[in-house]
Engineer: 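Dumping the structure here so I can ask a few things about it.
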2 protein chains.
Amino acid sequence: MSCANHLADSLRERGFRMTPQRLAIMHVLYASPKHLSPAQVFDQVRGTVPGVTETTVYRTLEFLSEHGLVRPIHLGSGHPVYEIREHDHHHLVCRDCGGTVEVENSLFKTLYVQLEAATGFQLAGNHLSLFGLCPDCQRE
Amino acid sequence: MSCANHLADSLRERGFRMTPQRLAIMHVLYASPKHLSPAQVFDQVRGTVPGVTETTVYRTLEFLSEHGLVRPIHLGSGHPVYEIREHDHHHLVCRDCGGTVEVENSLFKTLYVQLEAATGFQLAGNHLSLFGLCPDCQRE
DNA sequence: TACTTATTGAGAAAAACTTGCAATAAGGAT
DNA sequence: ATCCTTATTGCAAGTTTTTCTCAATAAGTA
């Protein structure tokens, strides 16, 4: 990961430290095309960082979430999964096959503006999961 | 609850049975102005149905969700809460104070149509939680 | 009243996190 | 290079939440 130095610096500026564990967890999430559960992250990280614990994975994922580096996602299972926070987007989740499709944040802009006007809330662009049937599963 | 008979009939038509446990759980959710966690439902139900178990509460909430009578909601804690499924709506959740505001489903209609056109998904009107800062907490 | 089987209760167990504390090791100061 | 401070981790135990199995119960129908 070429941005490792940049990442480390940005943490240090805020008084935190870069550790092999944090780097490995970021790595795993960067390399994954899909969001991962803490258990899945743990499974992959233990391969490269011997001795790493689940505790550390949980703590690190929360730490990275708090500082905006990863995004926690709730897909309806009741358990959060995580992904690198790059571009803002949302997920459509198929109730049948569980498949997910990403949709751009831009489509939600109008709605957000309306909601903010109506309620006075200042909305953050958090991740949303919308459920339905994907084209394939509709054919059944 | 005057609709108890209607509810019982609608279950029987589908081959299910009405039980004191199911009735009590529906009761609790009807009486509550807010969504409740399984543990909260259990606490209230055990007062009226002696011997009821947490297992039953979990099973019943899932059963009622599957059949469209209650709605599971994910407010970001990672643990679902439940409410009676009356009118469709969504929640704005304040990141600071945790307060919630309901917003009508109608505002989301346009977005849903756009998303369906763009992806081919057939979207169900599931519940959404949008996060942000409520008017009060913005003043700090 | 009897019968079928959906539903529940009980207890154990799995899964998902959390906590406290001592040991480790980043990163800055010397 | 070495020391120091303290952020971070590992370890072990504990808690909470949720699921599972299976026998017992009871709803609804004949």
Side-chain angles (χ1 to χ4, degrees), chain A residues 4-28 35-43 45-67 69-70 72-82, chain B residues 4-28 35-43 45-67 69-70 72-82:
Chain A
N5 289 335
H6 173 265
L7 175 61
D9 287 344
S10 108
L11 287 182
R12 279 184 211 114
E13 279 168 15
R14 297 187 252 180
F16 304 115
R17 297 173 184 174
M18 176 51 82
T19 65
Q21 291 87 346
R22 285 181 179 165
L23 192 57
I25 288 171
M26 289 292 284
H27 242 124
V28 165
H35 33 256
L36 300 174
S37 68
Q40 290 172 318
V41 172
F42 175 63
D43 276 347
V45 168
R46 70 194 314 187
T48 60
V49 183
V52 72
T53 60
E54 271 194 289
T55 307
T56 295
V57 171
Y58 277 105
R59 280 194 286 226
T60 302
L61 288 173
E62 190 182 343
F63 172 85
L64 295 172
S65 296
E66 269 174 10
H67 295 90
L69 299 173
V70 308
I73 298 179
H74 297 279
L75 290 174
S77 72
H79 304 291
V81 292
Y82 295 85
Chain B
N5 288 337
H6 174 265
L7 175 61
D9 288 343
S10 109
L11 287 182
R12 279 183 212 114
E13 278 169 15
R14 296 187 253 181
F16 303 115
R17 297 174 184 174
M18 176 51 83
T19 65
Q21 291 86 348
R22 285 183 180 164
L23 193 56
I25 288 171
M26 289 291 286
H27 242 122
V28 165
H35 33 256
L36 300 174
S37 68
Q40 290 171 318
V41 172
F42 175 63
D43 276 346
V45 167
R46 70 194 315 185
T48 61
V49 183
V52 73
T53 59
E54 269 194 291
T55 306
T56 295
V57 171
Y58 276 104
R59 280 193 288 226
T60 302
L61 289 173
E62 191 183 343
F63 172 87
L64 295 172
S65 297
E66 269 175 11
H67 295 91
L69 300 173
V70 308
I73 298 179
H74 298 279
L75 291 174
S77 72
H79 301 289
V81 293
Y82 296 84

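Order of the sequence lines sets the chain letters (A, B, ...), proteins ahead of strands, with each chain counted from 1.
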Engineer: Using a cut-off of strictly less than 4.0 Å, decide whether Thr56(B) has a side-chain nitrogen or oxygen near OP1 or OP2 of dG9(C).
Structural biologist: yes
Engineer: Show me the pairs that pass salt bridge (charged side-chain N to carboxylate O under 4.0 Å, His left out) and involve residues 45-67 of chain A, at least two apart or across chains.
Structural biologist: Asp43(A)-Arg46(A)
Engineer: Would you mind building the protein contact string for nucleotides 25-30 of chain C? One character per nucleotide, 5' to 3', B for base within reach (heavy atoms under 4.0 Å), S for sugar-phosphate only, - for untouched.
Structural biologist: BBS---
Engineer: Under the 3.5 angstrom rule, does the side chain of Thr56(A) hit a backbone N or O of Val52(A) as a donor-acceptor pair?
Structural biologist: no
Engineer: Walk along nucleotides 12-19 of chain C from 5' to 3' and tag each nucleotide B, S or - by protein heavy-atom contact under 4.0 Å, base first, then sugar-phosphate.
Structural biologist: ----SBBB
Engineer: Can you measure from OH (Tyr82(B)) to OG1 (Thr60(B)) and round to the nearest 0.5 angstrom?
Structural biologist: 11.0 Å
Engineer: Could you state the interatomic distance from CZ (Phe42(B)) to OG1 (Thr55(B)), rounded to the nearest 0.5 Å?
Structural biologist: 8.5 Å
Engineer: Distance from Met26(B) atom CE to Leu69(B) atom CG, nearest 0.5 Å?
Structural biologist: 5.0 Å
Engineer: Nearest 0.5 Å please: distance from the CZ atom of Arg12(A) over to the CG atom of Leu7(A).
Structural biologist: 9.0 Å
Engineer: With sequence neighbours excluded, tell me which residues meet salt bridge (charged side-chain N to carboxylate O under 4.0 Å, His left out) with Arg17(B).
Structural biologist: none
Engineer: Which nucleotide of DNA chain D is the first, and which the last, in the 5' to 3' direction, to come under 4.0 Å of a heavy atom belonging to chain B?
Structural biologist: dT17(D) to dG28(D)
Engineer: Applying side-chain contact (heavy atoms from CB on, under 4.5 Å) to His74(B) and His79(B), what does each step give before you reach the verdict?
Structural biologist: CA-CA 7 Å; His74(B) 298 279; His79(B) 301 289; over 6 Å; no
Engineer: Is any side-chain heavy atom of Leu36(A) less than 4.5 Å from a side-chain heavy atom of Val81(A)?
Structural biologist: no
Engineer: Check Pro38(A) against Pro80(A) and note the closest heavy-atom contact, atom names and distance.
Structural biologist: CD-O, 3.6 Å
Engineer: So how far is it from Leu64(B) CG to Leu11(B) CG, rounded to the nearest 0.5 Å?
Structural biologist: 7.5 Å
Engineer: Using five base pairs at each end to define the local axes, how bent is the helix from dT1(C)-dA30(D) to dT30(C)-dA1(D), to the nearest 10°?
Structural biologist: 30°
Engineer: With a 4.5 Å limit on heavy-atom distance, are the side chains of Thr19(B) and Arg22(B) in contact?
Structural biologist: yes
